[in-house]
Amino acid sequence: MHVLLIEDDVQTAAAVSDLLSRDGITVRHAPDGESGLGYAGDPAIDVIVLDWMLPGIAGIEVIARLRSAGVEKPVLMLSALGRSDHRIEGLDRGADDYLAKPFEPVELIARLRALHRRTTVQARQPVLICGDIELQVLARTAHRAGRHLALSPKEFELLKCLMEHAGEVVTREMLLRQVWKLNFDPQTNVIDVNLARLRRKIEEGFATGCLETVRGRGYRLVDAVAPVAQ
Amino acid sequence: MKRLFSSLAIRQAAISTLVVLVAILGFGMLALVSVRHAARADLLNTIDTDIAGLVDGMVQGGPTEVERRIADRTSFLPTMNAAPYYRLTDFRGHRLAGNMAVGPSIDPTRSNTTEVTIGSDIILARATLLRGGLTLIVGRSLGPIYRVERQLGWTLAAAASVVTALSLAIGLIVARRLMARISAMNSAFASFGEGIRAPRLRAPAHGDEIDALAGQVDLHLDRIERLLVAQRDITDNIAHELRTPLAHLDTRLLAALDHNRDEQVARTLDAARADIRSVVSLFDALLDIAMADPPGTEASRATIDLSELAADIGELYAASAEEAGLAFTTRIAPAVTMRGEAMQMTRLIANLLDNAFKYVPAGSRVLLSVAAGPVIVVEDNGLGIPEADRETVFERFRRSAILGEGHGLGLALVRVIAARHGLAARVEDAAPGARFVIAPGVRP
């Protein structure tokens, strides 16, 4: 995956580049909107990461110019503006996703992957498989090792979200946003409790666990049947 | 009707019309009384002259001369003036002359004057004693005076109604125009308060005080709008300036965490990262509370299904309630909709539930209900909130003395979000427990 990063803050740009390249993502950096627009047309670029507050042309304006130039590549807005009306405005103006700084690095990667998937043939897989867990997306049924898992609709969404990012860390914020459409973290431990319930349903009665808690970051669904690589 | 008269301009028109009406009627009555007075005096004068003439006849030719003069005078019927009436009687009361068949009871010794009805006519009559025990009564019809009075009365009534109608009509037209101009200002302010970009009044140049006021309104709406935008820009900048270094700090902590193998250090670094997150969320909440909606916000709002939204939130919290040993139930009326921002309303309900879950002891009941209005209620049977604290509980950084958790902005945000949607937040005694009610507020 090739990402175009349009970001004026050198430190953030370096950190994001470093982060993405460690995950095998190629990053091209543009320090302002002008040069960013120059690179955006390059067919090698898959996804654009765009800072909101840029010198010269503002991020919002960059999207408008991209779209009017016929560039339909997914754009993820990265911004230090975190209020909910900013998210709404960003998404209204044509951004495909919005992430407020400071963000969880795994979340940025997961979202970039998701945006990339949307544009490629991998999108809308009818069956998701992770180890011995199988999810029929359209029929909305889940099985582990052939045994049916009785999940509530929200638990199904939760498991689906985790399976779409199988092997990756999924943060609380991502789960809240994707499953419950919330852009804030309630003070009550709702996510942990709901995850604990899901874990009980997908692990109880099976020999191995498959849902890991990554302390301080989030959760990760792992392949329970693959031999553990040391 | 009551609504109509609550308008200042209409009231003013009604009052001025009433004043005009009272003035016309007052002056009219005065004119009528003085006309009646003058006419009667005139009539009495005529009667006196008549009597004097007849008395003179008595002196010159005795009763025969009087009878002759009476006959002369009654045979002449005046066209315009009041018809004359006479009666001459002897000491026994027998009529000697005159056209009054029946004598009115007037004391002739005092030259009394009285009103007498004769047939369909009302007359003013005066009696006097002549020599030889004769009594002379002379009268004049009051008919012409009454006719003049009636005419004057009708003229007055007609004038009063015409003037009243005119005054009312002009008053209402002026009132309407005045009202339209004042209403324009009112609605400009009202829509501004609701976050709608208010159209400027741009008053046509009458050059009067209301135009001057309209000009001031425009000026201040411009100024407020500029301030709101400036405030938004400033908070954006503050947010940017604060978040960027925090993001860097977070990146550094994460890098340290990646290279670290010590469990104790990892715990500390994780805690530090959690602190950064709570600073950011505190900051977001503070900015959110401090921000006023700039004009144009209302236009971006859509109709949202509050019932569905509340049901989703209820489901999310159900597991946590069970875990905490709370009996959590929802009572949600179907298809309650409102205009608003879904995420903000979700946050409002979540904050109310967070608050309830945090403060009620295990084993308590918590109820979330949504009804048309919209009315959102979160009720518990926990410790309740002392009456003195029921208003301050919505103030920022106000926390219950019982537990010191959280940043103390949850309920402040509830009130702010409610206000942005034209709703008011209050807390009541659920005896026992607390009942938070979000319902349409009284519009100023």
Side-chain angles (χ1 to χ4, degrees), chain A residues 8-12 14-16 18-19 22 51-53 78-89 92 100-106 152-155 158 171-173 175-177 179-198 200 214-217, chain B residues 232 235-237 239-252 254-255 257 266-267 269-271 273-274 276-277 280-281 283-285 287-288 291 293 297 300 312-313 315-324 341-344 346-347 350-351 353-355 357-358 405-407 410:
Chain A
D8 62 312
D9 185 67
V10 184
Q11 217 175 328
T12 306
V16 172
D18 183 44
L19 184 79
R22 260 193 289 162
D51 187 35
W52 185 299
M53 283 189 163
L78 205 56
S79 170
L81 311 175
R83 278 201 328 272
S84 60
D85 52 332
H86 286 122
R87 294 168 199 272
I88 294 163
E89 192 182 350
D92 267 2
K101 296 177 193 171
F103 51 83
E104 196 69 47
V106 290
S152 74
K154 276 286 187 279
E155 284 167 348
L158 206 50
T171 64
R172 277 194 188 76
E173 287 77 14
L175 292 171
L176 279 164
R177 192 171 47 86
V179 179
W180 284 279
K181 310 276 182 282
L182 300 186
N183 67 5
F184 61 93
D185 195 355
Q187 286 184 34
T188 309
N189 58 347
V190 284
I191 284 294
D192 298 328
V193 173
N194 277 280
L195 256 303
R197 299 206 152 190
L198 178 68
R200 233 172 290 147
V214 184
R215 200 192 52 224
R217 299 193 191 183
Chain B
R232 192 189 150 115
T235 51
D236 283 358
N237 280 319
H240 186 266
E241 293 308 313
L242 189 94
R243 275 171 174 272
T244 309
L246 283 175
H248 295 161
L249 182 58
D250 191 55
T251 313
R252 284 179 213 279
L254 205 65
L257 206 52
R267 253 184 237 285
L269 291 175
D270 277 335
R273 293 192 67 217
I276 291 177
R277 245 139 259 268
V280 168
S281 85
F283 204 70
D284 279 348
L287 288 181
D288 214 356
M291 278 284 295
D293 282 338
T297 310
S300 67
D312 280 353
I313 278 283
E315 194 196 336
L316 174 63
Y317 276 74
S320 296
E322 207 173 295
E323 206 83 351
E341 218 266 276
M343 191 55 72
Q344 296 227 341
T346 307
R347 176 128 214 200
N351 281 10
L353 291 177
D354 283 340
N355 183 68
F357 283 25
K358 195 158 68 183
E405 294 277 314
H407 50 45

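Letters A, B, ... are given to chains in the order of the sequence lines, protein chains preceding strands, and every chain is numbered from 1.
- With a 4.5 angstrom heavy-atom cutoff, B:A274 does not touch chain A via any of its atoms.
- Listed by chain and residue number, nothing satisfies the salt bridge (charged side-chain N to carboxylate O under 4.0 Å, His left out) test with B:D354 (two or more places apart in sequence, or in another chain).
- The candidate with the highest count of non-hydrogen atom pairs below 4.5 Å against chain B, out of A:V179, A:L182, A:D192, A:N189, is A:L182.
- Ranking B:A350, B:S320, B:A266, B:A247 against chain A, the residue ahead of the rest is B:S320, based on heavy-atom pairs under 4.5 Å.
- Rounding to the nearest 0.5 Å places OG1 of B:T346 at 11.5 Å from CG of A:L176.
- In this structure, CZ on A:R197 lies 4.0 Å from CD on B:E322, to the nearest 0.5 angstrom.
- Nearest heavy atoms, A:N194 versus B:A319: OD1-CB, 4.1 Å.
- When side chains are defined from C-beta on, B:H248 counts as touching A:T12, because their heavy atoms get closer than 4.5 Å.
- Within the model, atoms OG1 of B:T251 and CD of A:Q11 stand 8.0 Å from one another, a figure rounded to the nearest 0.5 Å.
- Taking B:L254, B:D312, B:L353 one by one and counting their heavy-atom pairs under 4.5 Å with chain A, the maximum is reached by B:L254.
- Distance check: A:K154 NZ to B:E315 CD gives 5.5 Å after rounding to the nearest 0.5 Å.
- With a threshold of 4.5 angstrom between heavy atoms, B:I276 approaches chain A through side-chain atoms but not through N, CA, C or O.
- Only the side chain of A:D9 comes within less than 4.5 Å of a heavy atom in chain B; its backbone stays farther off.
- With sequence neighbours excluded, the residues forming a ring pair (Phe, Tyr, Trp, His ring centres under 6.0 Å) with B:Y317 are B:F357, listed by chain and number.
- The shortest heavy-atom contact between B:L316 and A:W180 is CD1-CE2, 3.2 Å.
- Looking at B:R252, only its side chain comes within 4.5 Å of chain A, counting heavy atoms on both sides.
- With a 4.5 angstrom heavy-atom cutoff, B:A255 does not touch chain A via any of its atoms.
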